[in-house]
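To start, the structure under review is shown below, and the notes come after it.
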Amino acid sequence: MIRQERMRVVKHREIAHNIYEMTLIGQLVHEMKSPGQFVHIRVSDSYEPLLRRPISIASIDRETLEFTIIYRAEGRGTSMLATKNIGDEVDVLGPLGNGFPIDEAAPGETVVLVGGGIGVPPLYELSKRLVEKGVKPIHILGFQTKEVVFYEELFGELGETHVVTVDGTHGHQGFVTTVLAGLKTDFSTYFTCGPTAMLVAMENMYPDKKGFLSFEERMGCGLGACFACVCKTTEQTAVDYVKVCSDGPVFAAGVVHI
Amino acid sequence: MNRLAIEIPGLSLKNPIMPASGCFGFGKEYAKLYDLSKLGAIMIKATTLETRLGNPTPRVAETASGMLNAIGLQNPGLEKVIAEELKWLEQYEVPIIANVAGTLTEDYVEVAKHISKSKNVKALELNISCPNVKCGGITFGTDAAVAAELTAAVKAVSEVPVYVKLSPNVTDIGEIARAVEAAGADGITMINTLIGMRLDTRTGKPVIANGTGGLSGPAVKPVALRMVYEVAKQVSIPIIGMGGITTVDDVIDFMSAGASAVAVGTANFVDPFVCPNIIEQLPEKLDWLGLNHVSELIGRSHR
Ligand SMILES: Cc1cc2nc3c(=O)[nH]c(=O)nc-3n(C[C@H](O)[C@H](O)[C@H](O)COP(=O)(O)OP(=O)(O)OC[C@H]3O[C@@H](n4cnc5c(N)ncnc54)[C@H](O)[C@@H]3O)c2cc1C
Ligand SMILES: Cc1cc2nc3c(=O)[nH]c(=O)nc-3n(C[C@H](O)[C@H](O)[C@H](O)COP(=O)(O)O)c2cc1C
Ligand code: FES
């Protein structure tokens with residue numbers, strides 16, 4: 001069920017240049033089901049900024065009723081979010097959308113999780129769930145430069161992890177596809193979240209593999225009512241369009257026309 | 001006595017609060033959050049004769065205390081709206097106002113004829129003010145004679161009262177209002193969005209794929225309020241006011257300016273519970289004002 005709740009900030013810190021990790025506590029965590037779902041956050045009680053910001057759920061702890069988001073403080077809204085202190089309340093609407101289908105990977109199988117920049121966060125909860133199930137994840141995480149790399153060790157604890165930076169200041173140099181091209185291990189399924197160019201590259205590189213991609217689109221309601229976040233589908237898809245907020249944000253490879 | 005009840009042509013509203021067209025889909029999403037029967041009415045997403053897929057994305061952009069949208073009237077088309085969406089809405093005790101759009105007069109007439117027969121559709125809202133489609137929409141809403149002609153044509157076939165939704169993108173909104181009243185409109189809804197633009201400062205190009213979009217949200221409230229005030233002086237048919245309504249105080253303002261009921265649009269995106277919250281707060285606000293009934297607010301500014 002979708003809920004709206006004023007959740008309390010219990011942890012908040014900068015984990016890389018302009019990248020923040022925020023942990024919130026509240027009943028809404030009970031509703032969080034699949035990794036890849038997101039929350040819609042109102043960063044201020046005033047009209048400035050007006051709209052909520054969609055941010056992925058990066059990890060969930062049902063026992064403590066806490067969940068974590070990782071975001072880049074960039075524009076007006078996220079910069080304001082970055083000023084929140086521990087103990088402050090944040091207006092959260094969620095969980096929204098449909099996440100990654102964990103059931104698509106069977107125990108014992110190897111899968112790859114490919115993330116780019118602020119597309120990396122939802123892969124963390126996904127990886128934890130896959131590992132719990134006995135699936136072996138290989139992580140390929142792409143960033144612009146050394147200063148914005150985060151969660152390398154945490155992913156490393158869950159499985160093989162390759163970090164790649166565009167400028168080569170950390171890990172491999174190039175793009176996630178550079179690493180994928182050199183990957184020796186075969187895998188059954190890929191899960192990916194990141195910039196559109198990366199999603200396109202993934203679909204092109206593995207036309208015959210099972211894949212699940214998480215999309216981004218500008219949103220109004222976040223609930224499926226306003227038709228702001230609509231994407232055209234490919235000819236093979238039964239419907240003419242999908243809404244990223246309520247049908248996605250995760251879609252199987254080949255569904256969305258990109 | 002229900003202190004919040006309002007009677008206007010076709011509509012027995014248990015309270016004067018309803019979600020505005022395009023900001024509430026066909027209700028399904030918000031029904032997961034609260035009981036839709038709490039609402040005074042529901043204005044459904046614009047319905048056209050055929051399925052419309054709308055404009056390319058990005059379709060929305062945030063602006064100072066507001067937002068721009070260029071959805072492009074995306075909807076599943078008349079047949080599906082009647083068979084699926086309106087049918088589904090029948091489970092709720094709430095009158096539906098069907099927002100009707102089209103390219104040609106014939107389209108409006110055809111949609112109006114059929115959709116007005118639906119059991120729960122108690123009124124039509126003629127959308128002659130959508131700024132985001134190339135033809136139809138706003139082209140009907142910026143010329144008084146054309147607006148009047150369309151109103152008369154739809155009135156001739158509709159089984160329920162017809163409200164006309166006015167565009168603020170005109171020089172003299174009173175003139176259009178008077179023209180549609182003379183043509184037989186049962187009421188007026190106003191305002192639709194104001195045409196606006198936002199540029200990407202780095203590239204100098206519009207943020208919205210369509211180039212321009214319709215401005216809504218708290219930023220437009222002063223403009224909307226002035227227009228409701230203006231039109232209320234010039235027509236005697238009821239007005240459903242909207243434009244930036246976010247709080248119970250905004251509702252008081254619009255009704256004082258002359259609206260008999262109000263619609264809430266963009267605020268649903270900010271707070272999905274805004275409509276039931278306002279409904280809950282209204283009685284207390286009436287007490288504070290020393291009023292018995294919400295209808296006592298209507299046109300206070302003019303008295
Ligand atoms: C499903 C989903 C999950 C996301 N998960 C994360 C995450 O985990 N971490 C993270 O840092 N970012 C994430 N994003 C991107 C994040 O929503 C934007 O970075 C953020 O909205 C920008 O807000 P701002 O205040 O910084 O920018 P502003 O420039 O002030 O934003 C202006 C408007 O544009 C919208 N907008 C701007 N960029 C984007 C974008 N890339 N996608 C959608 N809307 C945008 C804003 O929501 C706002 O309405 C996600 C986006 C989506 C759609
Ligand atoms: C995303 C969006 C979609 C809209 N779609 C429609 C529509 O289909 N038909 C219509 O008559 N008005 C439409 N509108 C206009 C609203 O109904 C309303 O007139 C306007 O937004 C002003 O009210 P607000 O400031 O409360 O949003 C839309 C507005 C928004 C923001
Ligand atoms: S954001 Fe409103 S439909 Fe997706």
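Since this is a predicted model, take the numbers as computed values, not measurements. Numbers restart at 1 for each chain; the letters A, B, ... are given by sequence-line order, proteins then strands.
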May I ask you to check whether over 12 heavy atoms, not counting those of [X], lie within 6.0 Å of atom [atom1]?
| X | atom1 | value |
| --- | --- | --- |
| B:Y92 | OH | yes |
| B:E93 | CD | no |
| B:Q281 | CD | yes |
| B:E79 | CD | no |
| A:E89 | CD | yes |
| A:E31 | CD | yes |
| A:R129 | CZ | yes |
| A:K146 | NZ | no |

Contact winner vs chain A - [options], heavy-atom pairs under 4.5 Å:
| options | answer |
| --- | --- |
| B:G54, B:A64, B:A267 | B:A64 |
| B:C23, B:G66, B:G217 | B:G66 |
| B:A61, B:S65, B:P56 | B:S65 |

Going from [atom1] on [X] to [atom2] on [Y], what distance comes out if it is rounded to the nearest 0.5 angstrom?
| X | Y | atom1 | atom2 | result |
| --- | --- | --- | --- | --- |
| B:T246 | A:Y47 | OG1 | OH | 4.0 Å |
| B:L73 | A:F227 | CG | CZ | 11.0 Å |
| A:L51 | B:T266 | CG | OG1 | 8.0 Å |

Worksheet item: Is the closest basic N to carboxylate O distance between B:E62 and A:R76 below 4.0 Å?
Response: yes
Which one wins on heavy-atom pair count under 4.5 Å against chain B: [options]?
| options | answer |
| --- | --- |
| A:E217, A:M219, A:R218, A:M1 | A:E217 |
| A:S246, A:C231, A:C221, A:G222 | A:C221 |
| A:H40, A:Q4, A:K232 | A:Q4 |

Hey, are the side chains of [X] and [Y] touching, using non-hydrogen atoms and a 4.5 Å cut-off?
| X | Y | answer |
| --- | --- | --- |
| B:P272 | A:L93 | yes |
| B:Q74 | A:V230 | yes |
| A:L50 | B:P218 | yes |
| B:F269 | A:R52 | no |

Worksheet entry | Closest contact, heavy atoms only, B:V60 versus A:A228 | CG1-CB, 3.6 Å
Worksheet item: If contact means a heavy atom pair closer than 4.5 Å, which residues of residues 24-42 of chain B contact chain A?
Response: B:F24, B:G25, B:E29, B:Y30, B:L33
